[in-house]
Number of protein chains: 2
Amino acid sequence: MSAERRLEGEAGSAQERLRDHLSARNLRLTPERLLVLEGVLTREGHFDAEELLEHLRRSNKSVSRATVYRTLDHLAEAGLVKKHHFQEGHALFEHVHGRDHHDHMVCDRCGRVIEFVNDKIEALQEEVCREHDFRELRHVHQIFGICSACQAVEKRAPNASPHHSGHA
Amino acid sequence: MSAERRLEGEAGSAQERLRDHLSARNLRLTPERLLVLEGVLTREGHFDAEELLEHLRRSNKSVSRATVYRTLDHLAEAGLVKKHHFQEGHALFEHVHGRDHHDHMVCDRCGRVIEFVNDKIEALQEEVCREHDFRELRHVHQIFGICSACQAVEKRAPNASPHHSGHA
DNA sequence: ATTCCTCTTGAGACTGAGTCTCAATTTCAG
DNA sequence: CTGAAATTGAGACTCAGTCTCAAGAGGAAT
């Protein structure tokens, strides 16, 4: 129940934020855009646009592919979601409204995404920017490799990677 | 002349390294793969696959698109090049053979790429991986923002950014 | 309510990077 | 020289994402 209420609260202020963002650009908060926002807020973790589209269709809240993509871009501009390019040819989104900043480790085998925060790294990063008189607007810090679960699998079956399709 | 010799030297050992990588997998160091390697080593900075393909065609060292892509992947696996996904739908490569590891700051205004290294960040990163029992294979650390030159320009002409096409 | 202007939508055509297929060719080992 | 295995290139294909454009709202002014 408290999770529900929290979600409602988030949805409320996320909606406000989206409305503000749109109206500042003479754009409208339409029913379709609200459906997309709602869909986004109920996703957990990282999801892609097609997955969201499919989810909306299954929930009888169908919105066209074009609208989903367009709205996701608005949401990203409004700072409600982040768009990641972990693998090539496949953007992943996560909603970040009301969430703290974090970076990512991504497993090359299974695609699992692990979030991490390290204040010292953040601080050093700022230092690097100061040294170069560079004004940071955002950063991407991703570590790619093999997660512990996949390492375990490899140990069990040493002639590994049935799906080692040789990319990234 | 010394630059030339250096390049030859690099090319030599890069070739060795590629041969080793390939032969360890029962693959062959073919003339086509050598052409791609040569093309890669003579590129400066960051380039994409199509650019390399075009360059090879113009130099009468034509190699098929498929071979270029396939070979770039081999080179990446052999640790001779790095594949970046700065923007979506567009991989960029840089050759890293004989170069030290570095990360990037990218100016949103002028596209300038500044390389940086920070050992403390690297160490902390390793620590994060250890904490999560994650085996790092590579990482991406990019800081996006405004370089000092562009900050100066902005100060002079405050109603800035003619090409602010609003994506990542 | 009506009008008008602008924004929005959806269907589907389109794009472009990258991959796959497969027959023909090359390479290497014996 | 021969056969097995790897390699190549042409072009078909895939797939995420974008674009187009006609039809459908929203809402401000009348």
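Throughout, a chain's letter reflects where its sequence line sits, starting with A, and its residues are numbered from 1.
At whole-Å resolution of the value, CZ in Phe93(B) and P in dA17(C) are 12 Å apart. Per the geometry, NE2 belonging to His84(B) stands 14 Å off P belonging to dG18(C), to the nearest Å. Look at CG on Leu34(B): it is 15 Å from C1' on dT26(C), rounded to the nearest Å. What separates CG of Asp48(B) from C1' of dG18(C) is a distance of 12 Å, to the nearest Å. Following rounding to the nearest Å, Leu72(A) (CG) and dT9(C) (P) show an atom-to-atom distance of 13 Å. Rounded to whole Å, atom P of dT8(C) lies 15 Å from atom CG of Leu35(A). The separation between Leu52(B) atom CG and dG18(C) atom P is 12 Å, rounded to whole Å. Atom pair Asp73(A):CG and dT8(C):P shows a separation of 14 Å (rounding to whole Å applied).
Residue Leu27(B) is grouped with residue Val63(B) when hydrophobic side chains (ILVMFWY) are merged at heavy-atom distances under 4.5 angstrom, including chains of intermediate members. Taking hydrophobic clusters as Ile, Leu, Val, Met, Phe, Trp and Tyr residues chained together by side-chain heavy-atom distances below 4.5 Å, Phe86(A) shares a cluster with Phe144(B).
Side chain of Gln151(A) to backbone of Ile146(A): a donor-acceptor contact under 3.5 angstrom is found. Side-chain atoms of Thr71(A) never come within 3.5 Å of backbone atoms of Val68(A) as a donor-acceptor pair (strictly under, hydrogens ignored). With hydrogens and angles disregarded, a donor-acceptor distance shorter than 3.5 Å links the side chain of Arg25(B) to the backbone of His21(B).
Classified by interplanar angle (parallel below 30°, tilted 30° to 60°, perpendicular above 60°), the ring pair His46(A)/His84(A) is tilted.
Ion pairing between Glu32(A) and Lys61(A) fails under the 4.0 Å rule for side-chain N and carboxylate O.
The base of dT9(C) does not come close enough to the side chain of Arg70(A) for any donor and acceptor atom to sit less than 3.5 Å apart.
Each end of the helix from dA1(C)-dT30(D) to dG30(C)-dC1(D) gets its own axis, taken as the rotation carrying the C1' atoms of four end pairs onto the next four within a five-pair window, and the two axes meet at 20° to the nearest 10 degrees.
Residues Lys83(A) and Val68(B) both approach DNA chain D. Their nearest nucleotides, taken by heavy-atom distance, put Val68(B) toward the 5′ side. Both Arg28(B) and Asn26(A) lie near DNA chain C, and the one whose nearest nucleotide falls closer to the 5' end is Asn26(A).
Residues His101(A) and His139(A) place their aromatic rings such that the two centres sit under 6.0 Å apart.
For the pair Tyr69(B) and dT19(C), the criterion of a side-chain N or O lying under 4.0 Å from OP1 or OP2 is not met.
Side-chain N/O atoms of His95(B) and Arg43(B) include no donor and acceptor closer than 3.5 Å.
Heavy-atom contacts of chain A under 4.0 Å fall on DNA chain D between two terminal nucleotides, which in 5' to 3' order are dA16(D) to dG26(D).
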